[in-house]
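In listed order, ligands and their atoms are each counted from 1.
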Amino acid sequence: MAKLDFYEVLGVARDADDKGLKTAFRKLAMQWHPDKNPGDNTAEAKFKEINEAYETLKDPQKRAAYDRYGHAAFENGGPGAAGFSGDFASSMSDIFDDIFGEFMGGGRRGGGGQRGSSGGRERGADLRYNMEITLEEAFAGKTAEVRVPTKVACEACSGTGAKPGSHPKVCTTCDGHGRVRAAQGFFSVERTCPTCGGRGEIISDPCDKCGGSGRRTEERTLQVNIPAGIEDGTRIRLSGEGEAGLRGGPTGDLYLFLSVKPHSLFQREGADIFCRVPISLTTAALGGQFDVPTVDGGKTRVKVPEGTQTGKQFRLKGKGMPVLRSSQMGDMYIQVAVETPQNLSRRQRELLEEFETVSSEENSPDSAGFFARIRDFFGGT
Ligand SMILES: [Zn+2]
Ligand SMILES: [Zn+2]
């Protein structure tokens, strides 16, 4: 029997794009589906033909081979001999994946979870959005603009998936129950209705705008209030801001995962801020002062008394981070590190050597006491 041209089978032009192919295929597959034409051998053959044509043309390589060699491309030993087994059961399941995966499951394949008593009302997926903010932003809090690509209910069909003016029809195979009974010998076996995939209804006239899924992708902009004092790793849940549900199912949630960028000057521990400040030997010995920035954007003056040692901490009360949902404030700690002079000139060396000759144990009591203990340890006097 001479095979019909695949393009003619689908009723499309030879330069039809993927979308055109898919639309044509869906329409015909719905029309010639064996469950809609029980006992009709012509319909079954037609259905197989449509499926084979679509399987070939949707694959760019097979399509190229077909365009070049025609049906010969797929005959034994042909250039693109991927072959069609003609196994009806397998092409049936492909069709169901395709129709129900795309139509009913919103492009989600292989997920059987939505089939059941919910009647196809599937909860929308939760979304995750990662956001990085600065320590200053965590201090002040901010209103952040979040742009999320998400699935929203199609306005054209109000999320039903059926073309406006048409309605999903009650599935005639299962009378809307979503399950069918079949006799097997003495037993009666109940299984998910193959026609409607358990939903109890059929969309015979899918909405053009959303292809029958009842949803479409849109980038949404949300204003999110980030409270002052938020910690690194905080998760904010925005209830109902996730993906739209399927056919009236509940909406998912949006989770905002916040991370606070490391700061070049400050380390944060809870509500407290630590700032390590290296000071010169002379500032440490003679005393002095310096300005440090604060996390609120201001600055504060720190006075260093004479004889300040490395590791000394100065506490600036209330200059830390706000405590989340509270009027309390943490503190800021200035940690001083004395920097030993390096790269000395000859003159500096002379001055330090002279300084040493006029120094006594009183100038470095800690060091003097320590070496006295070492002498005792070795039994000296
Ligand atoms: Zn729609
Ligand atoms: Zn059914």
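Not a single N, O or S atom of His177, from either the backbone or the side chain, sits less than 2.8 Å from the Zn ion (ligand 2).
Rounded to 10°, the angle formed at the Zn ion (ligand 2) by SG of Cys193 and SG of Cys171 is 110°.
Heavy atoms of other residues, nucleotides or ligands lying less than 6.0 angstrom from CD of Gln223 number more than 12. Dense packing is recorded around CD of Glu218, with more than 12 heavy atoms of other residues, nucleotides or ligands lying under 6.0 Å away.
Around the Zn ion (ligand 1), the protein contributes the following N, O or S atoms at distances under 2.8 Å: Cys154 SG, Cys157 SG, Cys207 SG, Cys210 SG.
Salt bridge Lys46/Glu44: absent, no basic N to carboxylate O contact under 4.0 Å. For Arg123 and Asp253, the salt-bridge test passes: some basic side-chain N is under 4.0 Å from an acidic carboxylate O. Salt bridge present: Arg14 and Asp5 bring a charged side-chain N and a carboxylate O closer than 4.0 Å. Salt bridge status for Lys261 with Glu137: absent, with no side-chain N to carboxylate O gap under 4.0 Å.
No donor-acceptor pair closer than 3.5 Å links the side chain of Ser364 to the backbone N or O of Asp366.
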